[in-house]
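Below: one structure, written as C-alpha cells.
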Number of protein chains: 2
Amino acid sequence: MEEEKRTVRAVERALDVLSCFTGKSEWGLSEIAAQIGLHKSTVHRLLATLEDRGFVIRDEATEKYRLGLRILELSANLSREDDPSVVLLPDMERLRDEIGETVSLYVRDRNERVRIQAVQSSQAIRRVATVGVRLPLSVGASSKVLLAFDDPSVRNAAMADPSWPASVEKDKFIRQLDEIRERGYATSFEEREPGAAAVSAPIIGRSGKLVAALAVSGPSNRLTPDVMHDHAAAIMEAARRMGQRLG
Amino acid sequence: MEEEKRTVRAVERALDVLSCFTGKSEWGLSEIAAQIGLHKSTVHRLLATLEDRGFVIRDEATEKYRLGLRILELSANLSREDDPSVVLLPDMERLRDEIGETVSLYVRDRNERVRIQAVQSSQAIRRVATVGVRLPLSVGASSKVLLAFDDPSVRNAAMADPSWPASVEKDKFIRQLDEIRERGYATSFEEREPGAAAVSAPIIGRSGKLVAALAVSGPSNRLTPDVMHDHAAAIMEAARRMGQRLG
DNA sequence: TACACAGTTTCATAGAATGAAACGAGGGAA
DNA sequence: TTCCCTCGTTTCATTCTATGAAACTGTGTA
C-alpha cells in the first residue's frame, strides 16, 4: 500500500489526456475532462501546454482537439535500422505472397501486445490490420505465442493483471501454453473477433530469446482449422528464418 | 513581457524530454538533463512518469532510454480517412511512376514544414525521404510554395521567427514568392542540401485554401533546372487534380 | 585504491498546480 | 426575440506538489 510514487502527477495527467486520442481522434475539452475525471480548468491548462508544444492541435472547423504532427515526428524516430518492423518487412511480404493472407508482427509491451508491422492481403475479403494497435494478451493466437515462448514470469504477470478476464481459466490456459510450446505454433478461431482466425509462430533471436510473434490472419471461412494446420509448417519456417536475421 | 502563461511547467518539461527523441533515439538521463538544462533528479522523475505511461522505455542492453510503443499507438490514430496523406497516396505513386523520382507531401506546421507522406523513387541513386521530419520554411522548393500560396500573414510570421536565417533577405524573398505565385510552381537547386534538387506545386482544396505542397525531388545531376521545368506542367496538373480530390 | 560518472533517493521549502466559481460566447428551442 | 444550456476561458486563494541540493549507490576505469 505504501507504494511510494516517484512520478509527477501533472505529467501523468497530461499523458492520460494524450492517450485519449487512441481510438477516437477528435475530443472536446469537457469530453476529455469527463473521461479522465478531471476538472475542466485543469484539462484546459494541460491541453494548452500540449498544444503549445505541438502535441495536439485544434481542428479549425470543429474547434475540437486532435493529435498534432509532433507525434508523427516522434514516430519517425521510433525505429532504428535494426528494428524488427523494418528488417523483417521483406520476409513478411514474401510470406503474404505465399499464403495470400494478411501477415502481422506483434511484440509484447507489458501486459498487452502491440502490432508493430503488418502487410495486407490483397484479397477482396481480408483482415485489415492497423499498425500500432494494442490488444489483450489473453486472447488470440499471437498472444499465446508471446506468453508460451517467453519466461514463465511473463505469463504469471499477465494473468495477475486486473485486466485478465475471469472467463479465461488460468490453469487450463497454462496447459494450453505448454502444448503450444511443444507444437511450435498457436492458432485461434473466432477467439477475439467473430469471423476471424489466425496462426502464429514465435520469432526467436540468435540469443535464444523471444523477440516477436509472427501471425497470419484472415476470415474464418478461408482460414479453417484444417487450412491453418496446413500452413503451420511454412509459417514456423518463416519465423525461424526471421529470427536468424535479427542481431 | 507580461505574457501570462497558461501552461503547466512540469508538463512542458516532460514534453521537452520527449522531444529530445527526435533526431537521436537513445539518451541517458544525465545527457537529457544537460540538453534541456534541468537537474538530474527532475529529469529522473519525469522519465519515470513517461516510462510508467509507456511513452519511453529503457533499452535492456544499454540501460538508456528510447521511445516507447505508446507513440506508435498514437501515431496510428493520427490520420483520419480524409487525411491528405492517405487520400493522395495513390496519386503520389502514379506521379512517382510517371517521373521516376521521389515524391513528397509537405504541410506547414507553425513556422516549419513537415513531410507527411512520401513515395520513394525506385532508382538506385535516389533521395530517401523520411515521413515526419521537420524542415525550415526558409529554404527548399516546397517551403516557398507553402509560403507563396498561403495568406500573406503566414509568410510574415515565418520571416519574423527568430529561426529565420539572416542570409535569406526578406524583401528579395517576398519578390521571389510573388513570381512563384504567378508561375504556379517553385524549384530549388542544391538549396537546402548539396546534390539535391526539387520541384514543388501547391495543392489547393475545393474551398480555395492551400492544403499542402507536392514535391518531386532527386539528385541535382538528374534533376537539372531544364529537366525540372519540363516536369513542371505535369506536377502542377497532378497537384491540381489532387486538390479536387480533397473534401 | 581512488576516482569519475551515471543513476537513485531523500527531504525541507517555495511556489506551482489545483479546482471552485464566475464569466463570456455561441447554439438551439420555444 | 428571449431564455436556457453547454462549452470553453479566466481568475484567484489555498494547499499540496514539484523542485533541486545534497547525499548515496553502483559500476567501470585509471
Side-chain angles (χ1 to χ4, degrees), chain A residues 1-21 23-68 80 110 207, chain B residues 1-21 23-68 80 110 207:
Chain A
M1 337 235 103
E2 306 238 348
E3 288 298 313
E4 283 280 347
K5 279 194 180 182
R6 277 167 257 294
T7 53
V8 180
R9 195 182 59 167
V11 174
E12 279 184 326
R13 290 172 163 184
L15 298 180
D16 289 345
V17 169
L18 261 188
S19 298
C20 282
F21 293 90
K24 189 170 145 197
S25 59
E26 268 202 349
W27 291 79
L29 188 152
S30 307
E31 211 173 353
I32 295 178
Q35 169 77 21
I36 327 189
L38 294 176
H39 283 250
K40 287 195 301 180
S41 63
T42 304
V43 175
H44 182 254
R45 251 174 293 122
L46 295 175
L47 279 171
T49 314
L50 289 167
E51 190 184 12
D52 181 68
R53 290 296 196 268
F55 283 76
V56 303
I57 50 167
R58 311 189 73 160
D59 192 294
E60 297 188 11
T62 62
E63 283 278 295
K64 286 173 180 276
Y65 290 90
R66 48 177 58 248
L67 288 175
R80 300 168 295 174
R110 317 231 182 174
S207 63
Chain B
M1 339 232 103
E2 307 238 349
E3 287 299 311
E4 284 281 348
K5 278 194 180 180
R6 278 167 257 293
T7 54
V8 180
R9 196 182 60 166
V11 174
E12 278 184 327
R13 290 171 162 185
L15 297 179
D16 289 345
V17 169
L18 260 188
S19 298
C20 282
F21 293 89
K24 188 171 146 197
S25 58
E26 269 203 349
W27 291 78
L29 187 153
S30 307
E31 212 173 354
I32 295 178
Q35 169 76 21
I36 328 190
L38 294 176
H39 284 250
K40 286 197 301 180
S41 63
T42 304
V43 175
H44 182 254
R45 251 173 293 120
L46 295 176
L47 280 171
T49 314
L50 289 167
E51 189 185 11
D52 181 67
R53 290 296 196 266
F55 284 75
V56 303
I57 50 167
R58 310 188 75 161
D59 192 295
E60 296 187 13
T62 62
E63 282 278 296
K64 285 172 179 280
Y65 290 90
R66 49 177 58 252
L67 287 175
R80 299 168 295 173
R110 317 230 181 175
S207 62

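Reckoned from all heavy atoms, side chains included, excluding hydrogens, waters and symmetry mates. Numbers restart at 1 for each chain; the letters A, B, ... are given by sequence-line order, proteins then strands.
For dA18(D), neither phosphate oxygen OP1 nor OP2 lies less than 4.0 angstrom from any side-chain nitrogen or oxygen of R9(B). Using a 4.0 Å cut-off, some side-chain N or O of R13(B) falls inside it from OP1 or OP2 of dT19(D). Taking 4.0 angstrom as the limit, T42(A) places a side-chain polar atom (N or O) nearer than this to OP1 or OP2 of dG19(C).
Using a 4.5 Å cut-off on side-chain heavy atoms (C-beta onward), E31(A) and K24(A) make contact. Contact of the I36(A) side chain with the V43(A) side chain is not registered, since no non-hydrogen atoms from C-beta on lie closer than 4.5 Å.
L38(B) places its CG atom 15 Å from the P atom of dA18(D), with the value rounded to the nearest Å. As rounded to whole Å, 13 Å separates atom C1' of dA6(C) from atom CG of L47(B). Going from atom CG of L46(B) over to atom C1' of dA16(C) covers 14 Å, rounded to whole Å.
Of all heavy-atom pairs between L47(B) and V56(B), the closest is O-CG2, 4.0 Å.
Remark: K40(A) engages no residue in a salt bridge (Lys or Arg N to Asp or Glu O under 4.0 Å) (not counting sequence neighbours). Scanning for salt bridge (Lys or Arg N to Asp or Glu O under 4.0 Å) contacts around R13(B) gives an empty result, with sequence neighbours left out. A search for side chain to side chain contact (heavy atoms under 4.5 Å, CB included) contacts involving S207(A) returns K209(A), not counting sequence neighbours. For R53(B), the side chain to side chain contact (heavy atoms under 4.5 Å, CB included) test picks out E12(A), L15(A), D16(A), F55(B), with sequence neighbours left out. Remark: E51(A) pairs with no residue by the salt bridge (Lys or Arg N to Asp or Glu O under 4.0 Å) rule, at least two apart or across chains. For I57(A), the side chain to side chain contact (heavy atoms under 4.5 Å, CB included) criterion is met by R66(A), not counting sequence neighbours.
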For nucleotides 4-8 of chain D, give me every protein contact, N/O to N/O, under 3.5 Å, one pair per line with atom names.
from   : atom 1 : to     : atom 2 : distance (Å)
dG8(D) : OP1    : L29(A) : N      : 3.1
dG8(D) : OP2    : L29(A) : N      : 3.2
dG8(D) : OP2    : S30(A) : N      : 2.7
dG8(D) : OP2    : S30(A) : OG     : 2.9
dG8(D) : N7     : K40(A) : NZ     : 2.9
dG8(D) : O6     : K40(A) : NZ     : 2.8

Contact list (N/O, under 3.5 angstrom) for nucleotides 27-30 of chain D vs protein:
none

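Comparing atom distances between the R6(A) side chain and each of dG19(C), dG20(D), dT9(C) picks out dT9(C) as nearest.
Checking R45(A) against S41(B), the closest nucleotide of DNA chain D that is more toward the 5' end is the one next to R45(A).
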